[in-house]
Amino acid sequence: MKLIFLGTGTSQGVPMIAQPEGTCDLANPKNWRTRCSIHVEMGGHHIQVDAGPEFRIQCIKNEIVSVDTFILTHAHADHIMGMDDLRRFCDLKGGVALPIYSEELALERVRSIFPYAIGDKPSSVGYPAFALNRMPRRLELPGGIVESTLLPHGEVEVLGLVFTEKDTGKQLAYYTDCKALTEDAYKLAETVDVLILDGLRPKLHPTHMNIEEAVACAQKVNAPQSYLTHMTYGVDYETTEASLPENISLAYDGLVLNLSQ
């Protein structure tokens with residue numbers, strides 16, 4: 001299993017517009033964060049999770065050349081607004097609609113924003129085509145299994161995902177944009193090799209876990225390695241990384257994990 005952090009930032013990105021001085025050190029490239037998403041290659045099957053406004057640039061920078069399945073954790077702008085750029089992956093598959101999985105509220109938002117893309121094939125050459133599906137509890141894919149659970153995120157619920165690669169048995173949990181982990185989320189993550197958690201900022205936030213809350217959840221799961229993602233301009237990489245417990249780290253844009261090695 002291979003994981004690429006395409007983006008690890010929030011809706012504002014980092015640096016943000018008119019970024020306050022004295023926050024994260026912009027001389028460190030690990031503090032430059034695009035909107036949050038990951039790309040998972042599992043047994044040769046390529047899964048893209050979320051697509052923010054920089055999705056095209058993220059794909060070029062990280063040499064993403066295939067997407068077989070797309071999972072949308074929720075329909076906030078920083079996770080959905082790059083979906084039009086999935087058109088290229090439809091082209092590469094000969095104009096076949098790309099399978100899209102999410103919960104019903106998010107699927108309704110996809111229909112509203114991209115009405116021209118809903119169908120079995122593109123409406124015109126070069127257009128995207130989305131085959132919309134409710135995310136099941138257990139999604140069986142050629143390379144393995146993706147299990148899902150719902151996590152609290154203010155007035156909406158977000159898909160939490162656990163990937164299990166068929167050939168190696170390696171497991172990865174991805175819990176972004178959430179205020180807490182449910183008992184079901186903890187149970188699904190009991191045997192994961194890598195845990196990825198929303199860790200927005202040092203200060204408390206009403207709909208996201210802050211660094212302290214995310215660390216507490218990571219320690220409860222006790223995975224061999226945990227990473228925090230979806231961070232604001234207030235999280236300096238070097239300063240925050242140095243303060244974290246052993247086996248808990250900050251993710252950064254372009255970080256690649258090869259779980260099978």
Side-chain angles (χ1 to χ4, degrees), residues 1-17 19 24 26-102 110 113-114 116-117 121-131 141 143 161 163 172 174 176-177 194 196 227 229-233 237 250-259 261:
M1 183 187 295
K2 179 180 179 180
L3 164 73
I4 306 174
F5 288 90
L6 300 190
T8 57
T10 65
S11 57
Q12 299 162 327
V14 183
M16 66 181 292
I17 297 171
Q19 174 153 323
C24 57
L26 295 182
N28 184 346
K30 292 180 180 178
N31 281 324
W32 288 70
R33 304 180 184 115
T34 54
R35 264 60 78 95
C36 195
S37 69
I38 59 170
H39 187 87
V40 179
E41 186 272 312
M42 186 168 66
H45 191 84
H46 290 260
I47 306 158
Q48 177 62 36
V49 180
D50 295 336
E54 298 98 350
F55 180 58
R56 181 183 67 85
I57 296 170
Q58 292 171 338
C59 287
I60 294 169
K61 185 175 181 180
N62 292 280
E63 299 181 352
I64 305 300
V65 297
S66 181
V67 173
D68 301 304
T69 298
F70 182 87
I71 301 176
L72 179 64
T73 60
H74 64 298
H76 285 168
D78 53 329
H79 295 259
I80 193 175
M81 294 308 295
M83 284 183 64
D84 180 82
D85 288 316
L86 291 167
R87 63 175 62 210
R88 178 57 178 152
F89 300 106
C90 296
D91 289 344
L92 293 172
K93 294 185 181 300
V96 176
L98 188 67
I100 309 292
Y101 290 90
S102 195
V110 173
I113 298 173
F114 307 106
Y116 56 88
K121 61 181 181 179
S123 59
S124 181
V125 175
Y127 273 46
F130 302 153
L141 297 171
L161 306 169
F163 301 80
L172 160 74
Y174 186 64
T176 188
D177 288 61
V194 173
I196 302 166
Y227 290 92
T229 191
H230 206 280
M231 295 164 287
T232 69
Y233 65 88
Y237 183 87
L250 297 183
Y252 55 87
D253 287 25
L255 173 61
V256 177
L257 305 180
N258 286 294
L259 277 65
Q261 295 181 353

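In this chain, numbering begins with 1 at the start of the sequence shown.
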Any K61 side-chain heavy atom under 4.5 Å of L6 side chain = no
query = How close do P122 and G95 get, heavy atom to heavy atom, and via which atoms?
reply = CD-O, 2.8 Å
query = Would the number of heavy atoms belonging to other residues, nucleotides or ligands and lying under 6.0 Å from NZ of K93 be above 12?
reply = yes
task = Would you indicate whether the side-chain heavy atoms of L3 and Y174 approach each other to under 4.5 Å?
result = no
key: Nearest-0.5 Å distance, CD1 of residue I47 to CG of residue L161   = 9.0 Å
query = Roughly how far, to the nearest 0.5 Å, is NE2 of H74 from OG1 of T176?
reply = 7.0 Å
inquiry  = Which heavy atom of D68 sits nearest to which heavy atom of P99, and what is that distance?
reply    = O-CD, 3.4 Å
request  = Could you note down all residue pairs passing side-chain hydrogen bond (donor to acceptor under 3.5 Å, both in side chains) where residues 42-52 supplies at least one of them, sequence neighbours left out?
outcome  = H39-H46, H39-Q48, H45-T69, D50-T73, D50-H79
query = Would the number of heavy atoms belonging to other residues, nucleotides or ligands and lying under 6.0 Å from OH of Y237 be above 12?
reply = yes
request  = For residues C24 and Q19, determine if any side-chain heavy atom of one lies less than 4.5 Å from a side-chain heavy atom of the other.
outcome  = yes
task = For a side chain to side chain donor-acceptor pair (under 3.5 Å) with T8, tell me which candidate from T229, D253, T34 qualifies.
result = D253
Where P53 and A77 come nearest, the two heavy atoms and their spacing = CD-O, 4.1 Å
request  = Identify, with sequence neighbours excluded, every residue that meets salt bridge (Lys or Arg N to Asp or Glu O under 4.0 Å) alongside E54.
outcome  = R35
inquiry  = For a side-chain contact (heavy atoms from CB on, under 4.5 Å) check, start with the C-alpha distance between L257 and F5, then their side-chain angles and the critical distance, and finish with the verdict.
reply    = CA-CA 9 Å; L257 305 180; F5 288 90; 4.0 Å; yes
query = Are the side chains of I17 and Q12 in touch, meaning some heavy atoms are under 4.5 Å apart?
reply = no
task = Over all heavy atoms of both residues, which pair between F114 and I80 is shortest? Give the atoms and the distance, please.
result = CZ-O, 3.7 Å
task = Check whether any side-chain heavy atom of V49 sits under 4.5 Å from a side-chain heavy atom of F163, and report yes or no.
result = yes
message = So L86 and I100, do their side chains get closer than 4.5 Å, heavy atoms only?
response = yes
key: Aromatic ring pairing F89/F55, orientation class (parallel under 30°, perpendicular over 60°, tilted between)   = tilted
query = For the residue pair R33 and K30, what are the closest heavy atoms and their distance?
reply = NE-O, 3.9 Å
query = Hey, what do you get for CE (M42) to CG (L259), rounding to the nearest 0.5 Å?
reply = 11.5 Å
key: Nearest heavy atoms of M1 and V40, plus distance in Å   = CG-CG1, 4.1 Å
query = Are the charged groups of R87 and D84 less than 4.0 angstrom apart, N to O?
reply = yes
Nearest-0.5 Å distance that lies between atom SG in C36 and atom CD in Q58 = 9.0 Å
query = What distance separates D85 CG from I64 CD1, expressed to the nearest 0.5 Å?
reply = 13.5 Å
task = To the nearest 0.5 angstrom, please state how far the OH atom of Y127 sits from the SG atom of C90.
result = 13.5 Å
